[in-house]
Amino acid sequence: MAVIKRVRLSEIAELVTKGTTPTTLGYEFQDTGVNFLKIECFSEKGDYIQNKATHISEECHEKLKRSQLKEGDILFSIAGVIGRVAIVTRNMLPANINQALAIIRIKKDDIYLPYVKLILTSPLIKKQFERKKQGVAQLNISLKDINDLEIPLPEIGKQIEYANSFKKVEKLIYTRQYQLQKLDELVKARFVEMFGDPVENTKAYYVATLQELICKGYITYHLDGNHGSDYPKSDEFVEAGTPYISANCIVNGEVDFSKAKYLTLERANKLRKGIAQNEDVLFAHNATVGPTVVLHTTKEKVILGTSLTAYRCNKEKILPSYLKTYMLSDGFIRQYSNEMKQTTRNQVPITAQKKYLFLIPPIGLQNQFATFVNQVDKSKVAVQKSLDEAQLLFDSLMQQYFE
């Protein structure tokens, strides 16, 4: 590949500025009016989420001249979530931004905006910011940092070629992600079809609190990863051994062990709770609340972090695939959501979980549902494999062009 010249972003941008907040001028947010955009208005991929926008008055918009957006502006997040990138489109306008976003306004005609967006999300840019982060607890990006960014700038034809290559792979990734989402929705729809609304319980199935299910032997193990004073220290984690997982390891409805930490078997054996086994149902109950999976592992045991609770089923009474889907149902989610609203804490303690109601249909029906889930899971495995391959290709192209 030919050597590509590099330029500072300031050489191709006529404006790099950040937003502000209306309250600095004495204005308040309102229900309608000019769009006021923040990081939450954009997905990780930079797609616009319209219902996340707040609004300001036309008068306030006019006074916040420097943060007024134009079609084709590039937005770059500089606080909180660093490095989220989006291109401003006509349907967002008129609009202003808050101080966590910066505007990059390209001034040259021979620049392809999707290429610039691609570059700003590349490992090349991330490395430049990582160098600034050394020794700093929390990275804050200044406008000078953005102006000083060095980017490769091939001729316009190559910019379009590179951006289109990535666009094709991204489209495949989005398609596979959408397919996985639809397969999950299919399972939820089948659940409602077979068992009805868990809240209304029109089919009069057995309903009990978790504590009652534990007492009656439906659930044989219910513990979280609160290890107290025995919590492993950072220097006790090793490269391989007994997996130690947290809520961040739940990815696409499965436990992603590539995100796990590891303990030696000797150290893991010192822990007496929060020990999960194959086919336990894992519930994320702290900070990130709600993700629920059935653990699939060949390991003798998996150690849980403080954000996960394990439910072990007596399979003669309740099946893991049924329990997982019930815990992802709207009826169950409402139970812990209502409690979190009352306490203002983003967690569901293990004691609170024991008060929640569980709907338990006959085991024969659960078996029918489990068979259906197994069939859907086979489809998900094929789709996930294609998604992983597409992501690998995307990462490979990033490394090839922009490392």
Side-chain angles (χ1 to χ4, degrees), residues 43-45 80-84 121-123 126-127 129-130 133 137-139 169-170 173-174 176-177 179-181 183-184 223-227 230-265 267-268 271 273-311 320 324 327-328 346-348 377 380-396 398-399:
S43 71
E44 188 177 345
K45 300 296 184 182
V81 178
I82 303 295
R84 189 163 294 183
T121 59
S122 71
K126 291 175 183 176
K127 283 182 180 178
F129 284 137
E130 282 300 316
K133 190 177 180 179
Q138 184 172 355
L139 180 61
V169 182
E170 280 188 325
I173 290 172
Y174 292 155
R176 296 295 177 258
Q177 290 173 335
Q179 289 172 334
L180 287 175
Q181 177 188 332
L183 287 169
D184 285 337
L223 283 173
D224 62 14
N226 182 7
H227 303 291
D230 208 18
Y231 185 87
K233 298 179 176 59
S234 58
D235 60 359
E236 293 182 295
F237 292 110
V238 293
E239 290 296 319
T242 301
Y244 182 97
I245 63 173
S246 298
N248 70 302
C249 296
I250 297 178
V251 180
N252 295 325
E254 287 287 344
V255 173
D256 182 351
F257 284 100
S258 70
K259 296 180 178 294
K261 299 177 182 178
Y262 290 88
L263 295 169
T264 63
L265 181 60
R267 180 65 180 89
L271 300 173
K273 58 184 297 191
I275 300 170
Q277 298 175 358
N278 185 47
E279 294 203 310
D280 282 355
V281 176
L282 306 183
F283 173 64
H285 69 265
N286 190 21
T288 301
V289 175
T292 307
V293 297
V294 177
L295 175 63
H296 296 117
T297 180
T298 56
K299 296 283 188 180
E300 181 182 347
K301 60 183 175 181
V302 174
I303 308 300
L304 303 183
T306 54
S307 58
L308 293 174
T309 302
Y311 290 65
K324 168 198 167 182
M327 294 177 69
L328 290 170
N346 198 30
Q347 60 176 312
V348 183
D377 282 347
K380 287 179 67 175
V381 167
V383 174
Q384 185 65 53
K385 182 183 179 196
S386 178
L387 173 60
D388 292 343
E389 289 170 351
Q391 188 63 57
L392 187 63
L393 175 58
F394 185 91
D395 295 342
S396 175
M398 273 288 186
Q399 193 169 30

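- Residues Leu271 and Leu263 have side chains in contact (heavy-atom distance under 4.5 Å, counting atoms from C-beta outward).
- Counting heavy atoms from C-beta on, the side chains of Lys380 and Asp184 come closer than 4.5 Å.
- Taken to the nearest 0.5 Å, the CD atom of Glu300 stands 8.0 Å off from the CD atom of Gln277.
- For the atom pair OG1 (Thr288) and CG (Asn248), the distance works out to 8.0 Å, reported to the nearest 0.5 Å.
- Checked for salt-bridge contact, Asp230 and Arg267 meet the test: a charged N lies under 4.0 Å from a carboxylate O.
- Looking at His227 and Ile303, their side chains come closer than 4.5 Å, going by heavy atoms from C-beta outward.
- Side-chain contact between Thr306 and Tyr231: present, with at least one pair of heavy atoms (C-beta onward) separated by less than 4.5 Å.
- The line from CG of Asp377 to CG of Leu183 is 9.0 Å long, rounded to the nearest 0.5 Å.
- Distance check: Tyr244 OH to Glu236 CD gives 10.5 Å after rounding to the nearest 0.5 Å.
- Between Leu295 and Asn278, every side-chain heavy-atom pair lies at or beyond the 4.5 Å cut-off.
- Within the 4.5 Å cutoff, side-chain heavy atoms of Thr121 are placed close to those of Met398.
- The two atoms that bring Tyr262 and Ala240 nearest to each other are CB-C, 3.8 Å, heavy atoms only.
- Taking every heavy atom of both residues into account, Lys301 and Ile275 meet most closely at CB-CG2, 3.5 Å.
- Rounding to the nearest 0.5 angstrom, the gap separating the NZ atom in Lys299 from the OG1 atom in Thr242 is 6.5 Å.
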- Item | Intermediate values then yes/no, side chain to side chain contact (heavy atoms under 4.5 Å, CB included), Leu387 and Gln384 | CA-CA 5 Å; Leu387 173 60; Gln384 185 65 53; 3.7 Å; yes
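- Taking both residues in full, the closest heavy atoms of Gly290 and Leu328 are given as O-CD2, 3.8 Å, listed atom of the first, atom of the second, then distance.
- Of the possible polar contacts, none joining the Asp395 side chain to the Leu392 backbone as a donor-acceptor pair under 3.5 Å is found.
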- Task: Go through Tyr311 and Met327 one step at a time and tell me if the side chain to side chain contact (heavy atoms under 4.5 Å, CB included) criterion holds.
- Result: CA-CA 11 Å; Tyr311 290 65; Met327 294 177 69; 3.7 Å; yes
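- Here the closest heavy-atom approach between residue Gln179 and residue Val383 is recorded as OE1-CG1, 3.7 Å.
- Note on Asp388 versus Arg176: no salt bridge recorded, every NZ/NE/NH1/NH2 to OD/OE distance being 4.0 Å or above.
- In this structure the side chain of Asp224 never reaches within 4.5 angstrom of the side chain of Asn286, judged on heavy atoms.
- The shortest heavy-atom contact between Ile250 and Ala284 is CD1-CB, 4.4 Å.
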- Check the pair Thr309 / Leu223 against side chain to side chain contact (heavy atoms under 4.5 Å, CB included), numbers first and verdict last. CA-CA 6 Å; Thr309 302; Leu223 283 173; over 6 Å; no
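- The number of heavy-atom neighbours closer than 6.0 Å to CD of Glu170, taken from other residues, nucleotides and ligands shown, is above 12.
- Between the side chain of Ser307 and the main chain of Ala247, a donor-acceptor pair closer than 3.5 Å is present.
- Taking NZ from Lys261 and OG from Ser234, the interatomic distance works out to 8.0 Å, rounded to the nearest 0.5 Å.
- In this structure, Lys385 places its NZ atom where only 12 or fewer heavy-atom neighbours from other residues, nucleotides or ligands lie under 6.0 Å away.
- Taking each heavy atom of Pro232 and Phe237 in turn, the nearest pair found is CB-CZ, 3.8 Å.
- The closest donor-acceptor contact from the side chain of His296 to the backbone of Val255 lies at 3.5 Å or more, if one exists at all.
- With a 4.5 Å cut-off on side-chain heavy atoms, Leu282 and Ile245 count as touching.
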